[in-house]
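Working notes for the structure below.
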Amino acid sequence: MSKRKIVDSGKGEPQSKKTAGHWSQGLYAAVSDESLHVYSDDDLVIIKDKYPKAKYHYLVLPKVKIANLKALDKSHIPLLTKMYDRAADLTKDCSVKKFRYGYHAIPSMGLLHLHAISQDFNSPSLKTKKHWNSFTTDYFVDSHKLIEMLKSHGKVNDMSHHSKLLSEDLRCHVCKTTIKNMPTLKTHIQTCFKDS
Ligand code: AMP
């Protein structure tokens, strides 16, 4: 495991004294806490999501401080590609095979993070419509799509209008049927999701 400290890239918003201890800055602390790392190298760490929304839910965090998607430019493409590659390596032997790897359009936590999430969505922490829609609508931006955006525009498109996606009707991510509430949806996906 690398002992390197995270370094500030000079891009993105540094933590102010006001926000340093706030819950939304918890991922910065996770980078320095080796006990949380399931993988670490010179450039990134992978941790388990503290409130997993599926059987397997990891967060890939860069060691260099990148506050959010707005701070990204073309120079970050090799790092983002590596974040995806390491997440795919880590998850290839999981008992669930279907995964998605991506970013929330409007993240709640500071420090850029890639979600690697299995598509069973079988977890007690998955409770709300907001949780569901954040992983199953266009609010969830696949890693490949984000990298393509950077390649073609040099920056990530403004996605502030994506917040409305969180209040859309619940829809099964497999059969696309509209479902009336979260308990019904959770029962439905137990049979509708097939991992093959
Ligand atoms: P988002 O910022 O919306 O992309 O998602 C943040 C993710 O971080 C959520 O899936 C949370 O469950 C997770 N989370 C929140 N606090 C922590 C923490 N201290 N350590 C690990 N994961 C966290």
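Not measured: the values here are computed from a predicted model. Scope of the values below: all heavy atoms of this structure, side chains included, with no hydrogens, waters or symmetry mates. Both counts, for ligands and for their atoms, begin at 1 and track the order of listing.
With a heavy-atom cut-off of 4.0 Å, Ile47 touches ligand 1 through its side chain alone.
Protein heavy atom nearest atom 6 (C) of ligand 1, with residue, atom name and distance: Met109 CG, 3.3 Å. Closest protein heavy atom to atom 20 (N) of ligand 1: Lys50 CB, 3.7 Å.
Using a 4.0 Å cut-off between a side-chain N of Lys or Arg and a carboxylate O of Asp or Glu, Asp73 and Lys155 do not qualify as a salt bridge. Note on Asp41 versus Lys82: salt bridge recorded, some NZ/NE/NH1/NH2 to OD/OE distance being below 4.0 Å.
A centroid separation of less than 6.0 Å is found between the aromatic rings of His104 and Tyr139.
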Derivation and outcome, side-chain contact (heavy atoms from CB on, under 4.5 Å), residues Leu126 and Trp132: CA-CA 7 Å; Leu126 180 81; Trp132 179 256; 3.9 Å; yes
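Leu72 is not listed as a side-chain neighbour of Tyr103, based on a closest heavy-atom distance of 4.5 Å or more.
Taking every non-hydrogen atom of Leu59 and a distance limit under 4.0 Å, the qualifying atoms of ligand 1 come out as 8 (O), 22 (N). In summary, the atoms of ligand 1 found under 4.0 Å from a heavy atom of Lys53, numbered by their order in the structure, are 10 (O), 12 (O). Of all atoms in ligand 1, numbered sequentially from 1 with element shown, those under 4.0 Å from a heavy atom of His115 are 1 (P), 4 (O), 5 (O), 7 (C), 10 (O).
Close N/O approach between His104 and ligand 1 is found [any backbone or side-chain N/O within under 3.5 Å]. For His57, no nitrogen or oxygen atom sits less than 3.5 Å from a nitrogen or oxygen atom of ligand 1, counting backbone and side chain alike.
The heavy atom nearest to atom 10 (O) of ligand 1, out of those in Asp33, Leu126, Asp49, Ile106, is found in Asp49.
Screening Phe140, Tyr84, Phe135 for a ring pair (Phe, Tyr, Trp, His ring centres under 6.0 Å) with Tyr101, the sole residue that qualifies is Tyr84.
Residue contacts with ligand 1: Ser108 is included, with a non-hydrogen atom under 4.0 Å away.
Looking at His188, its side chain never comes within 3.5 Å of a backbone N or O of Thr184 through a donor-acceptor pair.
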